[in-house]
Protein chains: 2
Amino acid sequence: MPRNSAAEARKTREAIVARATDVASVAGLEGVTIGRLASDLGMSKAGVIGQFGSKAELQMAALDAASQAFVEAVWTPAADKAPGLPRLLAIGDAWVDYVARPPYEGGCFWTAVSTEFDTRGGPVHEAVRERGQQWRKVLRREIASTIDAGDLPTDLDPDQALFEFESIPMGLNQSIQLYGDTRAPARARTALRRVLGVET
Amino acid sequence: MPRNSAAEARKTREAIVARATDVASVAGLEGVTIGRLASDLGMSKAGVIGQFGSKAELQMAALDAASQAFVEAVWTPAADKAPGLPRLLAIGDAWVDYVARPPYEGGCFWTAVSTEFDTRGGPVHEAVRERGQQWRKVLRREIASTIDAGDLPTDLDPDQALFEFESIPMGLNQSIQLYGDTRAPARARTALRRVLGVET
DNA sequence: CCTACCGATCGGTAGG
DNA sequence: CCTACCGATCGGTAGG
């Protein structure tokens with residue numbers, strides 16, 4: 001039984017998850033080890049794992065937290081905009097900002113984790129896949145309603161645009177993290193507009 | 001001293017490296033463990049690590065092998081083509097084929113390893129970065145000479161085109177490996193042509 | 001949330 | 001390229 005109150009336990013849990021997302025952005029979700037979190041946080045291993053039960057549950061909690069932070073940073077600000085091109089570009093630009101100035105040590109959490117788990121089985125793989133597909137559906141809907149609004153070329157294929165749109169933040173993350181290319185964010189913004197067939 | 005001849009030692013080394021690249025495509029280069037390779041290959045751990053000296057050297061050897069295989073699959077066939085658009089499109093299409101039907105269990109080795117090591121220090125990070133930059137230079141040169149040949153719109157910015165061109169195989173790998181999207185290769189081919197401003 | 005502990009596996013080495 | 005071994009760390013548990 002914990003000696004701390006429920007409120008203190010929740011704060012501890014949040015600190016563990018915050019550290020886990022940071023470590024995962026650098027070393028991947030498999031690189032998040034209970035011993036390392038314990039050492040980083042000045043806790044015992046039993047204290048770290050106690051609230052989660054298993055490493056897989058801790059990984060899921062980190063994935064949940066990072067997904068929520070992503071949506072808040074990229075989708076929530078755009079939700080205020082009018083549906084159509086203004087909202088779609090707001091999403092794209094916020095996404096570029098998020099990848100260019102990520103809240104984690106190792107850059108975009110999602111890029112790190114989605115490539116890490118793309119070909120592995122198990123519950124974390126399924127969770128990553130589901131989160132990604134949810135986001136894809138959101139983007140697909142925004143692109144389709146932008147076409148409906150008459151804001152995009154009528155011959156634009158929404159699935160083709162979605163494929164290209166999604167690829168850009170991945171290329172951006174590599175340009176920044178691997179090559180340190182400071183001009184990449186501007187190129188990504190230009191690329192998003194080219195994909196949509198709108199003027200820069 | 002090994003009991004085997006030099007030729008046998010070389011064959012053993014090749015088998016170790018081949019298994020290592022396969023494992024790395026799924027579990028990353030850190031997921032390549034000496035014990036697992038030994039078990040997969042029916043060898044002792046000392047036998048696996050003996051020819052390399054350290055895990056980092058084994059990782060480097062796997063990286064070298066995968067880089068060589070990539071160049072042979074993507075660049076070598078295109079080298080026969082005329083410089084300009086035919087060669088550039090041959091590179092792009094071979095790249096799409098390579099990502100769509102990769103010779104490794106876990107899909108594109110490069111995508112897995114470059115995101116794994118993008119924000120870590122150390123010799124493997126440096127090697128990944130150098131290999132990537134070499135390939136970028138090759139692509140940059142092909143794009144520039146295609147513009148010089150008059151095969152592309154004169155207002156095309158080669159660095160912008162390079163950024164977009166490179167992003168596509170990354171998006172393709174995710175669409176295939178994470179989402180199992182069988183229409184993604186065709187979309188990637190279309191995207192490469194759109195990036196270059198040529199008709200489909 | 002701690003101490004103390006478990007079996008398994010990690011990278012690597014000595015010696016043949 | 002093998003056996004036998006090293007200290008360190010892994011995820012996790014018992015008991016408080």
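Keep in mind the model is a prediction, meaning the values are calculated, not measured. When reading the values below, keep in mind they use all heavy atoms of this one structure, side chains included, and skip hydrogens, waters and symmetry mates. Below, chains carry the letters A, B, ... as their sequence lines are ordered, and counting in each starts from 1.
When both distances must be under 3.5 Å, the Watson-Crick or G-U wobble mate of dG16(C) is dC1(D). The base-pairing partner of dT9(C), taking Watson-Crick or G-U wobble contacts with both distances under 3.5 Å, is dA8(D).
Residue side chain K45(B) reaches the base of dG11(C) through a donor-acceptor N/O pair under 3.5 Å, judged by distance alone.
In this structure, W110(A) has its ring center no closer than 6.0 Å to that of W95(A).
What separates NZ of K55(B) from C1' of dT13(C) is a distance of 17 Å, to the nearest Å. Atom CD in E30(A) sits about 9 Å away from atom P in dG11(D), given to the nearest Å. To the nearest angstrom, C1' of dG11(C) lies 16 Å from CG of L29(B). Atom CD in Q59(B) sits about 14 Å away from atom P in dC10(C), given to the nearest Å. As rounded to whole Å, 10 Å separates atom P of dG12(C) from atom CD of E57(B). Look at CG on L37(A): it is 14 Å from P on dC1(C), rounded to the nearest Å. The nearest whole Å value for the distance from the CZ atom in R36(A) to the P atom in dG11(D) is 12 Å. dC1(C) atom P lies 13 Å from atom CD1 of I49(A), rounded to whole Å.
Comparing atom distances between the S54(A) side chain and each of dT13(C), dG12(D), dA14(D) picks out dG12(D) as nearest. Listed nucleotides: dG12(C), dC2(D), dT3(C). Nearest to the side chain of I34(B): dG12(C). The nucleotide whose nearest atom lies closest to any side-chain atom of Q51(A) is, among dC1(C), dC2(D), dG12(D), dC1(C).
The phosphate of dC1(C) has neither OP1 nor OP2 within less than 4.0 Å of any side-chain N or O from S44(A). Between T12(A) and the phosphate of dC1(C), there is a side-chain N or O to OP1/OP2 separation shorter than 4.0 Å.
For the 3.5 Å distance criterion, the side chains of Q134(A) and E130(A) fail to qualify, holding no donor opposite an acceptor.
In this structure, G35(A) reaches the sugar-phosphate backbone alone: every heavy-atom distance under 4.0 Å involves primed, P, OP1 or OP2 atoms, never a base.
The local environment of CZ in R120(B) is crowded, with over 12 non-hydrogen atoms from other residues, nucleotides or ligands closer than 6.0 Å.
In this structure, G47(B) and I16(B) approach most closely via the heavy-atom pair O-CD1, 4.2 Å.
Ring geometry, F109(B) versus Y104(B): the interplanar angle falls from 30° to 60°, so the pair is classed tilted.
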